[in-house]
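Okay, so here's the structure we're looking at.
Please read these numbers as outputs of a predicted model, since none were measured by experiment.
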Amino acid sequence: MQQSLKGKVAIVTGGSRGIGLAIAQALVADGVHVAVTGRNESHLSQARPQIERAGPGSVEALSADVRSYAEVDRAIAATVARFGGLDILVNNAGVGIFADVADMTPAQWSEIIDTNLTGVFNACHAAIPHLRRRGGGFIINISSLAGKNAFTGAAAYCASKSGLNAFSEALMQEVRYDNIRVSYVMPGSVATGFAGGDQTRGADWKIAPQDVAEVVANLLHHDPRSLPSRVELRPSKPRK
């Protein structure tokens, strides 16, 4: 039996652009009240009307850096205060800095790990008490196929996503009896401006952000008697 999302409350980290924006739009189209977070006020202000136009759900845009527990905690508290609770957490915020280990600075390493891995811990730690108060909910972590397919120049990024996968697996087992379902989505190449890239480059074969958003929506609609805990999503016909 497909679950209705109308009236549910969600927070999407890194929701002002790319995959996060597409996820927020898909949720609002389903009648979900959505708060999105981001570090850039300009991007947030531009994203808000785009999300609002997607459907009937209400929208809040909140400035927060997931690397800071205090900022994440405030954003989640503000979401609960605005909408009356929290049902869905989508951990999408992420950064990619690509360089060989010998050339990467300690600051760059920290930015990747603190955003892609510690940031997810921060959001989950702050959100779980609110999800428990609602009698359950959903946590979806946006990972990457890089978490299982390492490649040169991406040691930090691959490590962060591999760690996120293991974190998600352990968390899923910890909270399943609280009726909190945890899944992680591992997309391959997505046509966004991630890591300063050109979002139009490869758009003819790469995954679209809306494809990832559709997977997230399907997970949320899934009958709670079973849990698709990991989803791998890749281009059907990548470049040869």
Self-check item: Cluster link V231 to L171, ILVMFWY, side chain under 4.5 Å
Solution: yes
Quiz prompt | Residue among V120, I140, L164, I11 satisfying side-chain contact (heavy atoms from CB on, under 4.5 Å) with N91 | solution = V120
Quiz prompt | Worked verdict on I19 versus V190 for side chain to side chain contact (heavy atoms under 4.5 Å, CB included) | solution = CA-CA 8 Å; I19 292 172; V190 183; 4.0 Å; yes
Practice problem: Please check if the side chain of D178 supplies one atom and the backbone of I180 the other of a donor-acceptor pair under 3.5 Å. | Solution: no
Self-check item: Hydrophobic cluster membership, L62 vs L86, 4.5 Å side-chain cutoff
Solution: no
Practice problem: Output the distance between atom OG1 (T37) and atom CD (E71), rounded to the nearest 0.5 Å. | Solution: 10.0 Å
Exercise. Taking N116 for its side chain and V95 for its backbone only, find out whether a donor-acceptor pair lies under 3.5 Å.
Key: yes
Quiz item: Does the T13 side chain pair with the main chain of A93, one donor and one acceptor, at a distance under 3.5 Å?
Solution: yes
Self-check item: S144 side chain reached by M186 side chain, heavy atoms, under 4.5 Å
Solution: no
Practice problem: State plainly whether one hydrophobic cluster holds both V216 and L145, where clusters connect Ile, Leu, Val, Met, Phe, Trp and Tyr through side-chain heavy atoms under 4.5 angstrom apart. | Solution: no
Quiz item: When you measure from the side chain of R48 to the backbone N and O of V59, does any donor-acceptor pair fall under 3.5 Å?
Solution: yes
Practice problem: Using distance alone, with no hydrogens and no angle criterion, decide if S143 and N165 have a side-chain donor and acceptor under 3.5 Å apart. | Solution: yes
Quiz item: Given H130 and D87, is the side-chain hydrogen bond (donor to acceptor under 3.5 Å, both in side chains) satisfied, shown in steps?
Solution: CA-CA 8 Å; H130 297 288; D87 304 290; over 6 Å; no
Practice problem: Indicate yes or no for a side-chain donor-acceptor contact from N149 to the backbone of A146 under 3.5 Å, with no hydrogens or angles considered. | Solution: no
Practice problem: Answer with yes or no whether the side chains of T115 and E111 bring together a donor and an acceptor at under 3.5 Å. | Solution: no
Quiz item: Is a side-chain N or O of N122 found less than 3.5 angstrom from the main chain of V66, in a donor-acceptor match?
Solution: yes
Exercise. Check each of N92, I51, V90 against V36 using the side-chain contact (heavy atoms from CB on, under 4.5 Å) test, and report the only one that passes.
Key: I51
Self-check item: Which atom of A156 lies closest to which atom of I113, heavy atoms considered
Solution: O-CD1, 4.0 Å
Practice problem: Decide yes or no on side chain to side chain contact (heavy atoms under 4.5 Å, CB included) for V185 and L219, but give the supporting numbers first. | Solution: CA-CA 10 Å; V185 181; L219 287 170; 3.8 Å; yes
Quiz item: Do side-chain atoms of T79 reach the backbone of A75 as a donor and acceptor pair under 3.5 angstrom?
Solution: yes
Quiz item: Which distance, rounded to the nearest 0.5 Å, do you find between the CG of D114 and the CZ of F121?
Solution: 12.5 Å
Quiz item: Where the side chain of D211 meets the backbone of I207, is there a donor-acceptor pair that is under 3.5 Å apart?
Solution: no
Quiz item: What heavy-atom pair brings A203 and A191 nearest, and what distance separates the two atoms?
Solution: CA-CB, 4.1 Å
Self-check item: Gap separating the OG atom of S229 from the CZ atom of R176, nearest 0.5 angstrom
Solution: 8.5 Å
Quiz item: Do I128 and Y184 sit in the same hydrophobic cluster, where Ile, Leu, Val, Met, Phe, Trp and Tyr count as joined when their side-chain heavy atoms come under 4.5 Å apart?
Solution: no
Practice problem: Give me the ring orientation class for Y69 and H125: parallel if the planes are under 30° apart, tilted from 30 to 60°, perpendicular past 60°. | Solution: perpendicular
Quiz item: Counting only N and O atoms by type, is there a donor-acceptor contact under 3.5 Å from the side chain of N40 to the main-chain atoms of S42?
Solution: yes
Exercise. Please name the pair of heavy atoms, one in A154 and one in F98, separated by the smallest distance, quoted to 0.1 Å.
Key: CB-CD2, 3.7 Å
Quiz item: Of the non-hydrogen atoms in Q25 and Q50, which two are nearest, and what is the gap between them?
Solution: NE2-O, 3.5 Å
Quiz item: Is there a path of hydrophobic side-chain contacts, each under 4.5 Å between heavy atoms of I, L, V, M, F, W or Y residues, that connects I76 with V34?
Solution: yes
Quiz item: Is there a donor-acceptor pair under 3.5 Å between the side chain of K161 and the backbone N or O of I142?
Solution: yes
Quiz item: What do the steps show when you test L227 against S183 for side chain to side chain contact (heavy atoms under 4.5 Å, CB included), and what is the final call?
Solution: CA-CA 8 Å; L227 175 64; S183 299; 3.5 Å; yes
Self-check item: Test log, rule side chain to side chain contact (heavy atoms under 4.5 Å, CB included), inputs M172 and R181
Solution: CA-CA 6 Å; M172 178 268 291; R181 293 180 288 164; over 6 Å; no
